[in-house]
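Have a look at the structure below, then the notes.
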Amino acid sequence: MFRFRKLRRFIRKCAGIQEKTSLPAVQYNVVPSGVDYVFRPESDFFNLQVKLVFQAAGGPFETPGMVTENTAISRKFLLDSSYHRVINIGSGVGTFENVAARENPEISFVASDYDRDSVEWCRKNRPMKNVEYCTDSITQLLERFPPFDLAVSIDVIEHMENYKRFLDDFVKLAPNAIIATPNRDRYDHIEHMITPPYPYHVQEFDAGEMFFILRMYYRHVRLYGMPSYDEERIEKMGICTRWPVIIAFCSNEDLEKNNSDTNSINP
């Protein structure tokens, strides 16, 4: 019961952060020199449990911003693409698949999350013929399935203490990837740039950090962003842009050789 009350207090405190921190890309915050970044400890993040507690406190089961983000990514990168097999790591309650699989029935999806309750909820509430929900690790996925065309990870890396180990494995899943994460530079309060205000985020990244980290794993990295959580719009962004969502399209394929107009090669 104590854990339930504590979780509810956290969620109530953080519920408004997403909508309050969508700032224009005209100013760049700088953390004062001599100030250390303070990481939060990695904790068990049970996607379904958090959503049910938030719903019990009077909020929606899935926040509108999260639904908009997943919908926008699906429609930007999957519609009219040449992908056949897509893997989603950290799929939660299937927010991405609920749009992507329905609108792309020709694509086979595998949605993996370590939270067994979330996976069971998806199997019961969001069953689709072209989606397999599972709790497999990346190592298990590599053993069970043939190669994927695209690997997706939406709002996961910020929960990782050892994001290097995650990316070391993630890059093996597919030659193309979409990695989305909240932009640390979206805040207008310096203390939020120093420590993530959301209690389940270990660390957050700005666009420049994400670009150079991902370039260590992929030959090509193209940065996109959402100017607002309120609309389904994705545009190219620079490394100093303060839009709330960073979306990186990454590839180890020869993009110049495969000069295609399809989203899978040239989004």
Side-chain angles (χ1 to χ4, degrees), residues 11-12 14-25 45 47-48 50-55 57-81 83 86 88-104 107 109 111 113 118 121-122 125-126 128 131 150-159 177-188 192 196-198 200-201 204-207 210 222-238 241-250 263 267:
I11 290 175
R12 284 176 173 171
C14 299
I17 291 175
Q18 177 171 286
E19 275 68 27
K20 292 179 180 178
T21 54
S22 300
L23 300 176
F45 179 78
N47 198 291
L48 179 62
V50 169
K51 285 176 169 55
L52 291 175
V53 171
F54 187 73
Q55 188 177 47
F61 179 72
E62 293 171 297
T63 62
M66 182 63 67
V67 174
T68 300
E69 177 186 356
N70 280 264
T71 301
I73 291 173
S74 171
R75 291 176 177 170
K76 168 68 175 177
F77 296 99
L78 267 65
L79 288 179
D80 301 320
S81 75
Y83 299 131
V86 174
N88 183 10
I89 300 297
S91 54
V93 295
T95 308
F96 180 74
E97 288 71 27
N98 195 42
V99 176
R102 295 183 188 280
E103 296 186 348
N104 301 276
I107 299 178
F109 293 84
D113 197 284
S118 293
W121 185 92
C122 288
N125 294 277
R126 289 177 170 169
M128 286 170 275
V131 181
L150 175 71
V152 177
S153 176
I154 301 175
D155 295 343
V156 172
I157 195 169
E158 65 273 12
H159 296 275
I178 296 168
I179 299 174
T181 189
N183 187 357
R184 189 183 73 222
D185 283 346
R186 70 194 187 278
Y187 299 119
D188 56 354
H192 292 161
Y198 187 58
Y200 297 106
H201 288 181
E204 294 182 353
F205 307 87
D206 62 34
M210 283 305 301
R222 296 173 179 171
L223 290 182
Y224 296 82
M226 288 178 58
S228 170
Y229 279 105
D230 296 328
E231 57 180 320
E232 241 177 73
R233 181 161 61 98
I234 293 178
E235 298 182 5
K236 289 184 178 180
M237 70 184 296
T241 307
R242 297 184 64 201
W243 293 344
V245 182
I246 302 167
I247 303 165
F249 172 81
C250 312
N263 288 346

Side-chain contact, heavy-atom cut-off 4.5 Å: Leu78 with Leu150? yes

Exercise: identify the closest heavy-atom pair between Pro244 and Met226: CD-O, 3.1 Å

Does Phe96 form a side chain to side chain contact (heavy atoms under 4.5 Å, CB included) with Ile178? I'd like the steps, not just the answer. CA-CA 12 Å; Phe96 180 74; Ile178 296 168; over 6 Å; no

Side chain to side chain contact (heavy atoms under 4.5 Å, CB included), that's the test. Do Asp155 and Glu69 meet it? Break it down for me. CA-CA 10 Å; Asp155 295 343; Glu69 177 186 356; 2.9 Å; yes

Could you go step by step and tell me if Thr68 and Asp230 meet the side chain to side chain contact (heavy atoms under 4.5 Å, CB included) rule? CA-CA 7 Å; Thr68 300; Asp230 296 328; over 6 Å; no

Test Trp243 against Glu235 for side chain to side chain contact (heavy atoms under 4.5 Å, CB included), laying out the working first. CA-CA 10 Å; Trp243 293 344; Glu235 298 182 5; 3.6 Å; yes

Evaluate Glu158 against Thr181 for side chain to side chain donor-acceptor pair (under 3.5 Å), listing each step before the verdict. CA-CA 7 Å; Glu158 65 273 12; Thr181 189; 2.8 Å; yes

CD (Glu204) and NE2 (His159) are apart, to the nearest 0.5 Å, by 9.0 Å

Specify the closest pair of heavy atoms between Ala207 and Gly238, including all atoms of both residues, with the distance to one decimal. CB-O, 3.6 Å

Under 3.5 Å donor-acceptor, Asn88 side chain and Ala111 backbone: no

Is there side-chain contact between Val245 and Asn183, with at least one heavy-atom pair below 4.5 Å? no

Show the nearest heavy-atom pair for residues Gly90 and Asp113, with the distance to one decimal. C-OD2, 3.4 Å

To the nearest 0.5 Å, what is the distance between CD (Glu232) and CD1 (Ile73)? 11.0 Å

Nearest 0.5 Å, please: how far is CD1 in Ile157 from CZ in Phe205? 5.0 Å

Roughly how far, to the nearest 0.5 Å, is CD1 of Ile179 from CD1 of Ile247? 12.0 Å

Less than 4.0 Å between a side-chain N and a carboxylate O, is that true for Glu97 and Arg126? no

Shortest non-hydrogen contact between Gly94 and Cys122, atoms and distance: N-SG, 3.5 Å

If we only count heavy atoms from C-beta on, is the Ser81 to Asn104 side-chain gap below 4.5 Å? no

Mutual orientation of the aromatic rings belonging to Phe77 and Tyr224 [parallel < 30°, tilted 30-60°, perpendicular > 60°]: perpendicular

Report yes if some heavy atom in the side chain of Glu62 is under 4.5 Å from a heavy atom in the side chain of Lys51; otherwise report no. yes

Any side-chain heavy-atom pair of Phe61 and Leu48 under 4.5 Å: yes

As an exercise, state the distance from CD1 of Ile154 to OG of Ser91, rounded to the nearest 0.5 Å. 10.0 Å

Drop me the distance from Asp185's CG to Thr241's OG1, to the nearest 0.5 angstrom. 9.5 Å

